[in-house]
Structure formats: C-alpha cells, structure tokens
J.: 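Take this structure, written in structure tokens, and hold onto it; I'll ask about it next.
Since the model is a prediction, treat every value here as computed from it, not as a measurement. A, B, ... follow the sequence lines: proteins, then strands. Residue 1 opens every chain.
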Amino acid sequence: MISAHLPALQVALPLIAAPLMVLVRRGGIAYGMMLAVAWISLLISLLLAQQVADHGPISYHLGSWAPPWGIEYRVDALSAFVLVLVSLAAAAVVPYSRRSVEAEVSREQHYLFYAMFALCLTGLLGITITGDAFNIFVFLEVSSLSTYVLIALGRDRRALTAAYQYLIMGTIGATFIVIGVGLLYLMTGSLNLVDIAQRLPDVAERRPVLAALAFLTVGISLKLALFPLHLWLPNAYTYAPSSISAFLAATATKVSVYVLIRFYYSVFGETLVFKELPVPLVLLALSLAAMFIASFAALYQENLKRLFAYSSVAQIGYITLGLSLDSVGGLSAAIVHLFNHALAKGALFMLLGGIMLRTGGVSLHCVCGLARRMPLTTFGIVIAGLSLIGVPGTAGFVSKWALITAALEAGLWWLVLLIVASSLLAVAYVWRFVEAAYLRAPAPEATEKIEAPWSMLVPAWVLVALSVYLGFDTRFTLGGATRAAQMLFGAGG
Amino acid sequence: MSAAGHFAYWVTIFLLMAGLYILIARGNLIKKLVGMSIFQTSVYLLYIAPGKLIGGTAPIFAEQFKVYSNPLPHVLILTAIVVGVATLALGLALVVRIREAYDTIEEDEILALDDKLEREKE
Amino acid sequence: MIAAQTAIVAALLVPLAGALAISLLGRWPNLREAATLTTAALLFFCVVSLLGPVSAGARPELTLFEMLPGLPIAFRVEPLGMLFALVASGLWIVNSLYSIGYMRGNNEQKQTRFYVCFAGALAAAMGIAFAGNLLTLFLFYEALTLITYPLVTHKGHEEAKRGGRTYLALLIGTSMLFLLPAIAFTWHVAGTLDFAAGGILAGKLSGTALAALLALYMFGIGKAALMPMHRWLPAAMVAPTPVSALLHAVAVVKAGVFCVLKVVVYVFGAETLSSGAAAWLPWVAGFTIIAASTVALYADNLKRRLAYSTVSQLSYVVLGAALLAPYSLVAAAFHIAAHALGKITLFFAAGAIYTAAHKTKVSELDGIGRLMPWTMGAFVVGALSMIGLPPAAGFVSKWYLLSGAMSAGHWAVVAVLTMSTLLNAGYFAPIVYRAFFRAPAAGQGHDAHHAHGEAPLPMVIALTLTAAGTVLLFFFPDVPLELGRAMLKG
C-alpha cells in the first residue's frame, strides 16, 4: 500500500529529484520535474492531513527501524498543517518561477536553480515531518545550504553579500541548535523527540537541560528571525530572485516557528518552558519590539521588497506573541497566523516579482502610477496588503481576531490595544504603496500596459484568492490550528 | 567530577568562544569562515567526548570486549562534519564570487561600496 | 412579492452584480449609466419588498456560514436597518440621476471606476443595514471605508491624497483601535455578538467597565463623526459632489449613526445603560453639536460648511441615542431619514452651483438665486430642514428630540438644541440672503461675461425630487416613525 509510505515519499520525492535534475542538465526538463514534484508533494501532504484528521497521528519508522533507535517520521495535527503550508507554497511558486527565473538567472544555471529548489523543499518538509532531533538539524542544514545558494543567484551583486551574511547567521543558529540537541542527548541518551520528552522528567541534573533549552531557543530564533536576530532577513529577501523571496517569505521562517513550537511543547513541555521560566515574558517583550520597531522600519523603506521584508519581521512578532500567551487560544492564533501570513506574504513577493520583471525595479518610485499599467498586479498587492493589516474579510483578520480573543482570555486588555495599534502601522506602510501606485502619476513616456505574464499572475492570484477565501472559511485554518494547539496542550500535560 | 574531569568541556567551551569571537569581530570574510569552522568543530568535541570511555572499544559482541564506547555520537558527528564541510565550501565559493564582484573581501569596504552605489543612484 | 430571504441576498448581490455590469460596460457610457440606474431601481425594489413583512412584525433572518467558530455571517432585518436601507437605496436612484449630470457636466475622469465603487459602497451599506451580528456589521463597515477611499481620492491630486489619508487614518484607525477591541471584548464578556432586543450585555458588565466599553464603541464608530473623530468628514469633501451627497451625507455617515443606535439599543440595551454608564455621552454629543455648528458658521467653502453641519446633525442622532428615552430614540431613528433627505438636497445644490457657475465659496454666491431659482429653492428647503423649521422633515425629529429631552428632565440638552437651532439659522440664513437679496457682484472673473442658468437637467430633477421628499416627509412621517417605534419593541 502506497498510502502507508506517504511520509517517506513526502521527503524522498524532492530529495531524489534534485540529483536527477543535476544529471539531466536541462533547465526545461528540470522545471518540469520540479513542477511535478511540487504538485505531487501538495497532494501527498493533503492526503497525510486527511489521514491524520481521520486516524490520529502517524508514526512512520524509516527503514522499519523502531524508534527510539531508528528515525521516526511523525505526522500529527501540527506537522500535517505545516506540511500543507510548505508544499502549497512550493506548488504555487514553481509554476511562477519559470518566467521569473528566465529573466533573473542565467540560462546555464537554470537546472541548478531547480535542483536547489528541490533540496530546499526537501529540507523544509523534512524538518517538519521528522520526529528525530538530530534529523531536524540535518534537514535544517539541507534547506539552509540550498537557500544560501538560491539567494546568491540573485541578479544584484548584493545578493552575494546577503547570502554570505545569511550563511554566517544561519550557521551560528544551526550550530546552537546542534549544541542544544547534543546536551539533550547527553542528558537523556535519546534523539527521538517523543522519547526525550518521556525521559526528561527523570533527569536529575536540571542545568544542562536548561542550557539545552537556551541554546535551542537562541538558535531557532535566529532562523525564524525573531527580533533582534532578524538582521539577515531584509537583505536576503530583498536581493534573492523573486520566486525565492516569495518561497522563503512563505515558508522558511514559518518552519522555524514550527520547530520552536515542537521543542517547547512536545519536548520540554509547557510547564517547564512557560510556567517555571520567564520565557513568556521574554517572548512577549521581543514580539512587541518586533511588531513596533520592524513596522516603523518598514515605514521608511524605499525598496518594496525590503519594506515587506521588515513587515515579515513584524508579523513574526504576532506569531511569537501568540506563543507567549501560553494558552490554547494563543497557540492556535500563532499557528493560524503562520498559515495566513505565509499566504499573504507569498502572494506579495510573487506580485512584486512581476513588477521587477516589467519595470526592472521595485522601489517606490518604480511603482508610480503602476495601477494603470499593471492593474491586476497592483490590485493583488492591495488585497494581500489588506490581509497583512487584518481587514475583516481577509485571512489576516482571522488571525488577528484569534490573537485578540486569546489576549482577552489572558486578561491582557492593554495587549489588545497594542496589537491593534501595530496593525495601524501596517495600514501606513501598505498605503505608501497604494498612494504611489494609484495616486501618483507615471512617468509621461510610460503609459502602455505592461501587465505581468499569466504564468506569474495566476499562481500569485491563487494565493491572493486563498487569502480572501480563508478569511471567510476558517474550518481548515483556524480549525486545524485549534486542533493542533489542543493536541500540544494535551501532550504537554 | 572535578574540573580536570571536565577537561573536554573546557576545551569545547574555549573553542566555541574563540570561534564565535572571530566570527563576530573579524571583518575579513575568509577569517570569518575560519572562525565559523572552529566554532562548528567545537561542537564535534561536545558530542564525541562524552561518548568515549577510557578503555572502551567499538561495540563488538564478543567475550573479550566488555566496555564499549558509544558509537552513535561518532555517526552523528560524521554527518555534522559533512554539513560543516559543505557550509565551508559554500562560504568560500561565495567569498570568491564576492571578490569577483567587489574586488575586496573586507566587510567594511564592501559596505562602503554598496553605500556609494546607493548614493549615486539617487 | 419575493421571499424575504431572497430579498436579503438580492439586496447584497444586486449592487455587486451592478458593479460588474458597470465595469464591463465601461466603454459605452450610455449603457453604463443605464446599468447604474437599473441596478439602483432593482435594489430599491428588493428593499421595499422587505418593508411589508418587517412592518408587519416579521424579522427575516439569514445565516450564511460560520466565519469564526461560533460567529456566523448572519443577517436579520429589523426596523432600524429597514429604515437605513430604505433611505440609502432610495436616495441612490436620485443620486445616480444626479451623478450622470454632474460627472458629464464636469468631464470627470475615470467615470467607470466611480460608478463601480459607488455600487460597491451601496452593497456594503446594505450589508451594514441588514447585519445580524456585530461581526457581520464590522465586516461591511470596514468594506464601506475601503470602497469609498477611491471615491474620496477620485481627483488624484495632492489635496485629494491628503484628504484620503485623513479619511483612511481616522476611519480605519478608530475602527481598528477602538471598535475591534470593543467587539472582541463584547464577545469575550457576552459570548455572543447577535443583536438582540434588550441588549446582550444586560447583567454582564457594570460601572466603569460598561462606560469604558461604551466609549470604545462611540469613538470607535468613527463614521458617526463624534468629536474629536470628525476630521475625516471635512477631509472627504475633496471628493466629487455626488460622493459627498450620497456617501458623506447619507450612506457612510448614516451607517455610523446607525451603528451607534444599533449598539445602544441591541448590544447594550437602553435599560443597561440607564444605570449611568451613558451619562457622559449627551455632553460629548452636545459639545459636538455646538462646536461643529460654530465651525460651520465661519467656513467659507460651501461644502466645508455643509460638512460641519453634517457633523453637528449626526450628533443629534447620537444625542437621541444617548438620552435613552423612548421619544428620543424614535427621534434618532427618524432623524436618520430626515437629515439624509435634507442634506443630500443641500449637497446637490452645492454641486449644481459648482457645475453651472464653478463657484465653491459662500462669499461668491451673491445673487445666484436669480440665476438658479430651482437649485436655490431646493437649498432653502434643505436649510429649513437643518434648522428644524416646518414644513421640513427636520422639524419632526427636533420635536421628538425635545420631547425626549424634556421627559428625561435633561434641561441642558434642551438648551443645546435651542442654541444649535440658532446657530444653524446663523450659518444658513446668510447663504439664502446672499443668493436672493444681493445683486450679483459685477466684474468678477469670467462669470461676469456669460450669464449661466441652471445646472444640467438631471441634476435639477434630482435636487427637486429630494427637496420635495423633505417636505413630504414632514407631512407623512409615518413610515420612519413606525419603524422607529418598532425598533423599541425589538
């Protein structure tokens, strides 16, 4: 039965595709393979989500080696949710990539681009699906290394320095994670996440466990760009090829958030992290700092990609804020925002890629009067922007509502005011784009229509449409997130 | 255990700190990578050292071998070494490209060049 | 007669379908305008078909689907919403007629976008009118703000951009900063957001918390233009006059005071509030009435004067709600209709003057009544309604408001109303005086060279119709009054 091996296929498919692409050395064929891989991955992840919803968590023993000795792939409500997100982003970005890669990456590197893309997808899916601590590190590095290469493929020479900067920061983060995992292994003798969680209460010596927690927190925070460890992110998003900006914005930081949630709730346990240590307080402070400082930074950016990169940092603040509330409501708000924000940001960066293709830049003066020349692109950006703001009728509102009600549940009414106040900053930076695109006159010689090609518009608009649809139908997003949160709290005791 | 018993850890911490310091403090992109390598290597030690028992051997099921060293950390670190090498190689490749593009590998000079470019645009 | 639920859906979908049709017909202006008028007529028909059942005591409900857990998108037609929908959709027909004359007469740009956004705004207004719970209300409330933004910034120049910024900052700002937390808090406390007779907060909150929540709502509903949240309304005057007329005298601002009434009656409940939590509100509303009238007194720009007059008139409604007396609540409901008819007439007149004579300032209006007798005649009727003199509809609402204030023993409010009547007279009388009793200034710019007459015919027809409506509403105030009374029963 193939359905029994879906967890392995989920990761193995892109993993095998990558070297094959390098072997065939043809950009066109590599693109076809990548497209097939991405769409089949989406199918697999949806099937897995269905299986989990019907029969509960799946535990897949790789090579039939039983855990804790063998590597276990574990799909539960949370990981199924993130798997769908990652493969959905890939399924949307790959068809988009064709035109944008042709414009931004030199022809002889196309097959390498897609091979790296496949590896990046492998890594992200692997991180999400594996139930083994060291395996997380390995997949993290698979995705990170391929990401560094992909960013460096950007046209601007600053892409190189951005990739280098990210490589340094990313490696520090990854190494911190290995140290944390190593300490956990030293104390428990196990690498299986479930097994570690069972053995941790028996560990007499607490200090190494706390050290492990600290190392993991800092390491993962680097990868998820938690303020103030976000410095790599704006450059990386700004100078990477358009399709990679979109894919990373939608997935990379989100998967890291997943890892953080996994370690906090499934390994260390909610009691230790949130009740005995001041983690919630620290997270709360950093999240608020991210929400406000990064939003202010976004207000002053001229380059739109950078503007929305800073907005990403701010939005990650919302996610970690949900985490810091330490309740089912807060956690599900965090998880649902993970999804909703990924959709909006993915769509935004894809549409910005279209502008990049047609006008050669994405600074605010490039988009002057663009509404008349690229009506669909600009309108898409406006709708995705509304989702970032959290206007009712978009997915962003659902997360904001979840976050606000969670804060009220916790009795933190002042936090509610801060949340809504920071979303006003989002209005301000989104409206900078709106005013430039709709109300400023284009250069007199530029009047002809230059709408982005369909192959780029359609995938982006699929995400835009999803952002709106999921603003009304919240069964999958908020429902799935709530189930995941309840599961994590149930497991955490 | 005494301080001497923690010998391996002290070395680990020293390497860790030294590597991290170089990584942060140096402006030369190659030196940064050297620091990164040292930093990563320290972790290998963190894993390997506790797995080794004095007098221990590889885990062979036979009468004469009673004391085993734990083989798992070695295997893990083998993977980590591969990752480390790949990272280093990629980092060096990037530095080569950066030098081609900027004609320098000093961080502050690169930043200055970018700033200059930005100003000229305006 | 179509089934009530179908009518609700149709009231939402007809304007949207109209927007689509308008955008598709953009290349053929005559067809496009025909589409606008047809849509408006159809919408009015849908709304009117609901009037019978609602007056008979039925409360048609429609629950679409669950948006958030426990919180569906739901509609429920009750008397107050019925009134608002009637006013908005009925005046849309007249306004469309007027828009055609105005937009063509002034050769405005991007007319298709204009009509599309207009239809969208009406769809949002219908959603607000029929909303069955606060979430649905909030959804359409924000949609109305966003869809009217392109209309406010229609002209695209620097002033329009600034106006648009103020408009958006205040409307989105207040709704996000105060209204959304207020709704979330209500949900947290009451466990429901449905509108229910007698309120959903009865017995759940008291004292300071209740007053604070009321403040969040009152200032959060920025569209009601309670001071200091009123600045967006004068800023929005940069829009073409039909927008100011229908949206910023009827749909948008009435949506604001409608929400205020709805929140007071169906969320808090008059009884819950009578504990003293709303004691501060009449003062704020009274202050707004006086202060805005005073500003209007000194505004030379005609539309700006009208805008401040609107700010002050809106607070009549808020005041009526704040007094919590049955009479005053009925007055508040009635004033939604009365002010709408009167103010749209005034704006129509202002737009007609602009189109025919290119004048925007009060000080330029000398003698214009002789050149544009119909327009200025209608203006007089509108002004009478604003001041609250018979035979105009404004008299009826003021009468009820005064009765409410006296029955509640609120003498300060009586004083405010008297004073505002004087102020209203003070800023409208000079206009009428200039228009009819002063000779046109000679040698002023190009106007002296060609004598202009009335504005294009569709505009004159439109403003005559609304002026007639203002008078008719004075003689036949039954429908709005009945709906207002039915609102009290729930």
J.: Find the distance between CG (B:L16) and OG1 (A:T175) and round it off to the nearest 0.5 Å.
T.: 8.5 Å
J.: Which residues satisfy the side-chain contact (heavy atoms from CB on, under 4.5 Å) test with A:C368, sequence neighbours excluded?
T.: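 A:C368 satisfies side-chain contact (heavy atoms from CB on, under 4.5 Å) with A:R440 only.
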J.: Side chain, backbone, both or neither: which part of B:L33 has an atom under 4.5 Å from a heavy atom of chain A?
T.: both
J.: Starting from the C-alpha separation in whole Å, work towards a yes-or-no answer on side-chain contact (heavy atoms from CB on, under 4.5 Å) for A:F137 and B:V83.
T.: CA-CA 10 Å; A:F137 160 71; B:V83 170; 4.1 Å; yes
J.: Return the set of residues passing ring pair (Phe, Tyr, Trp, His ring centres under 6.0 Å) with A:F215 (not counting sequence neighbours), or none when no residue passes.
T.: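 With neighbours one apart ignored, the set is A:F176.
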J.: More than 12 heavy atoms of other residues, nucleotides or ligands under 6.0 Å from CZ of A:R155: is that the case?
T.: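 Atom CZ in A:R155 is crowded, with more than 12 foreign heavy atoms closer than 6.0 Å.
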J.: Within the distance-only criterion (no hydrogens, no angle test), does the side chain of A:Y164 pair as donor or acceptor with the backbone N or O of B:L29 below 3.5 angstrom?
T.: yes
J.: Heavy-atom distance under 4.5 Å to chain B: side chain of A:V181, backbone, both or neither?
T.: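 Both backbone and side chain of A:V181 come within 4.5 Å of chain B.
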J.: With a 4.5 angstrom heavy-atom cut-off, could you sort out which part of B:L76 is near chain A: side chain, backbone, both or neither?
T.: both
J.: Rounded to the nearest 0.5 Å, what's the gap from CE on B:M36 to CG on A:L167? Could you check?
T.: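 Here the rounded value is 5.5 Å.
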J.: Atom CZ in B:R97, atom CG in A:L153: separation rounded to 0.5 Å?
T.: 8.0 Å
J.: Between B:Y47 (side chain only) and A:V178 (backbone N and O only), is there a donor and an acceptor less than 3.5 Å apart?
T.: yes
J.: What part of B:T87 is in contact with chain A, defined as an atom under 4.5 angstrom from a non-hydrogen atom: side chain, backbone, both or neither?
T.: both
J.: Between A:R158 and B:I110, is a side-chain contact (heavy atoms from CB on, under 4.5 Å) present by the stated rule, with each step listed?
T.: CA-CA 9 Å; A:R158 276 170 290 186; B:I110 293 172; over 6 Å; no
J.: Is it true that, when you exclude B:Y68 itself, more than 12 heavy atoms of the residues, nucleotides or ligands shown sit nearer than 6.0 Å to its OH?
T.: yes
J.: Taking atom OH of B:Y102 and atom CG of A:L160, what is their separation to the nearest 0.5 Å?
T.: 7.0 Å
J.: Looking only at heavy atoms, what is the nearest atom pair of A:L186 and B:L46, with distance?
T.: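 It is CD1-O, 4.4 Å.
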J.: Chain B heavy atoms under 4.5 Å from A:L145: which part of the residue, side chain, backbone, both or neither?
T.: both
J.: B:L23 versus chain A, heavy atoms under 4.5 Å apart: side chain, backbone, both or neither?
T.: side chain
J.: With a 4.5 Å heavy-atom cut-off, do A:Y185 and B:N70 have their side chains touching?
T.: yes
J.: Counting heavy-atom pairs closer than 4.5 Å to chain B, which one of A:I179, A:V149, A:V142, A:L191 comes out on top?
T.: A:I179
